[in-house]
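Keep in mind it's a predicted model, so treat the numbers as computed, not measured.
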Amino acid sequence: MAEDQTIKTQQEVARYFGPIAFVPGRPVMIAGPCSVESEEQLLAAARAVKAAGATALRGGAFKPRTSPKGFQGLGAEGLKLLALARQETGLPVVTEVMENGQIDLVAQYADVLQIGSRNMQNFALLKEVGKAGKPILLKRGLAATLNEWLSAAEYITASGNDQVILCERGIRTFETYTRNTLDLGIAIAAKQISGFPVIIDPSHASGRKELIPALSKASLAAGMDGLIVEVHPNPACALSDKEQQLTPEEFVSLMQHLGLLPASALTSISECRTAIDQLDDQLMALLRDRMEISLRVGELKAGSKTVFLNREREIVERLSQNSGHLIREEITAIYQVLFGASRRIQDDRKES
């Protein structure tokens, strides 16, 4: 690699949708309560998800409910509370807009406008919401095909807004154990075909909070760009969707399960040491895999005594672009040990 060749950093390949950045290898985590119920409830949730590493805050001010007797949200007052939570925590706000007459009001307070599953084919709304000048989070309809979902996105882009985030939240099938059925296959296809970021809503897909960690991990393993998860300070008292909302403690556990919990969320030396032990185990497993591949490289180079120093420099150069608190000299020292170990096992194999 030529010395003057520019190496792309994560920041350079990030895609920005308003204040939310989609970066390869760094999943977006949108979290918060199903409904905005009060200032106390929302701020408690916002503080908790912020501390645990959330990217953005979700919360419904206008709530589409199956029954007209259900809690319909606080409306404009809920939007003001979301703005207050953003001011305190710095988290961008994602909230739903349900009809054309709400667009300007919601856009005044929200950073990302959500189109819920029930409105996915509300074409009049889709045409107008794209003109709001904000990113749009488009949830898949209850029984929408891939083509119908992507066609709905085209209604938004036709207004000149290409800031579309697709959200798979499960579809309605004959299964009744879960609230909906998570369709990862179509989510993967949507990402491949559309080029838009795709996030998963494991809360609505399952309707059961005990399933959220496994569904979340499967989604990220499948290459999805992020998750949107419901978190409530006291789910048992929630005015909507209490069965699928995580407590703040459960959200911390989820973030740890996914490897997304920031160091600042660890509250004791014991927790820090446990986290370090887990990372060390992962590092050792990766190092074993690296040595196996290095051994294979040696087999493919059989008979050659050439040391590929350019390749070693390329590796150090690339890793130094995004090394966090490590400086270049430390990266070089660490990898010189690894390079030496690789050459040793290759030489051992030649002699055996």
message: Taking the side chain as everything from C-beta on, heavy atoms only, tell me whether L125 gets closer than 4.5 Å to E99.
response: no
task: If the plane angle is over 60° it's perpendicular, under 30° parallel, otherwise tilted; pick one for F22 and F17.
output: perpendicular
query: Measuring from E271:CD to T267:OG1, what's the distance to the nearest 0.5 Å?
result: 3.5 Å
- prompt: E230 versus P33: any side-chain heavy-atom pair under 4.5 Å?
  reply: no
- prompt: More than 12 foreign heavy atoms under 6.0 Å from CG of N234: is that the case here?
  reply: yes
Stepwise side-chain contact (heavy atoms from CB on, under 4.5 Å) test for Q163 and I136: CA-CA 6 Å; Q163 295 279 285; I136 309 299; over 6 Å; no
Crowding at CZ, R172 (>12 non-hydrogen neighbours, <6.0 Å): no
More than 12 heavy atoms from other groups under 6.0 Å of CD on Q87: no
Please list, one pair per line, the donor and acceptor atoms closer than 3.5 Å that link side chains of residues 205-226 to other protein atoms, with sequence neighbours excluded.
residue: S206; atom: OG; partner: P202; partner atom: O; Å: 2.8
residue: S206; atom: OG; partner: R208; partner atom: N; Å: 3.2
residue: S206; atom: OG; partner: R208; partner atom: O; Å: 3.1
residue: R208; atom: NE; partner: Y177; partner atom: O; Å: 2.7
residue: R208; atom: NH1; partner: Y177; partner atom: OH; Å: 3.4
residue: R208; atom: NH1; partner: E210; partner atom: OE2; Å: 3.4
residue: K209; atom: NZ; partner: E250; partner atom: OE1; Å: 3.2
residue: K209; atom: NZ; partner: E250; partner atom: OE2; Å: 3.3
residue: S216; atom: OG; partner: I212; partner atom: O; Å: 2.7
residue: S219; atom: OG; partner: L215; partner atom: O; Å: 2.7
residue: D225; atom: OD1; partner: K191; partner atom: NZ; Å: 3.0
residue: D225; atom: OD2; partner: K191; partner atom: NZ; Å: 2.8
residue: D225; atom: OD2; partner: V198; partner atom: N; Å: 2.8

statement: For R86, the side-chain hydrogen bond (donor to acceptor under 3.5 Å, both in side chains) test, sequence neighbours excluded, returns D111
task: Inspect the surroundings of CG in L283 and state if more than 12 heavy atoms from other residues, nucleotides or ligands are less than 6.0 Å away.
output: yes
query: If you measure only the distance, is there a donor-acceptor pair under 3.5 Å linking the side chains of E249 and S253?
result: no
query: Just wondering, do T247 and V231 contact through their side chains at under 4.5 Å, heavy atoms?
result: no
field: Donor-acceptor under 3.5 Å (D241 side chain, C34 main chain)
entry: no
- request: Quick one: list whatever passes salt bridge (Lys or Arg N to Asp or Glu O under 4.0 Å) with R273, sequence neighbours left out.
  value: none
- prompt: Partners of S151 by side-chain hydrogen bond (donor to acceptor under 3.5 Å, both in side chains), sequence neighbours excluded?
  reply: none
Pair Q282, Q278: side-chain N/O donor-acceptor within cut-off below 3.5 Å: no
query: So if you build clusters from Ile, Leu, Val, Met, Phe, Trp, Tyr with side-chain heavy-atom gaps below 4.5 Å, do I315 and I327 land together?
result: no
task: Kindly determine whether R179 and E243 satisfy salt bridge (Lys or Arg N to Asp or Glu O under 4.0 Å), including the steps that lead there.
output: CA-CA 10 Å; R179 178 172 179 173; E243 297 84 2; over 6 Å; no
message: Tell me the closest heavy-atom pair linking A31 and A54, and the distance in Å.
response: CB-CB, 4.3 Å
For Y109, ring pair (Phe, Tyr, Trp, His ring centres under 6.0 Å) partners two or more places apart: none
Crowding at CD, E299 (>12 non-hydrogen neighbours, <6.0 Å): yes
query: Is any NZ, NE, NH1 or NH2 atom of the basic residue among E312 and R343 found under 4.0 Å from an Asp or Glu carboxylate oxygen of the other?
result: yes
- line: Applying side-chain hydrogen bond (donor to acceptor under 3.5 Å, both in side chains) to Q121 and not counting sequence neighbours gives none
query: Q114 versus I228: any side-chain heavy-atom pair under 4.5 Å?
result: yes
Note, L91 side chain near T55 side chain (heavy atom, < 4.5 Å): no
message: Within the supplied structure, the quantity of interest is the number of heavy atoms (other residues, nucleotides, ligands) at a distance under 6.0 Å from E292 CD; does it exceed 12?
response: no
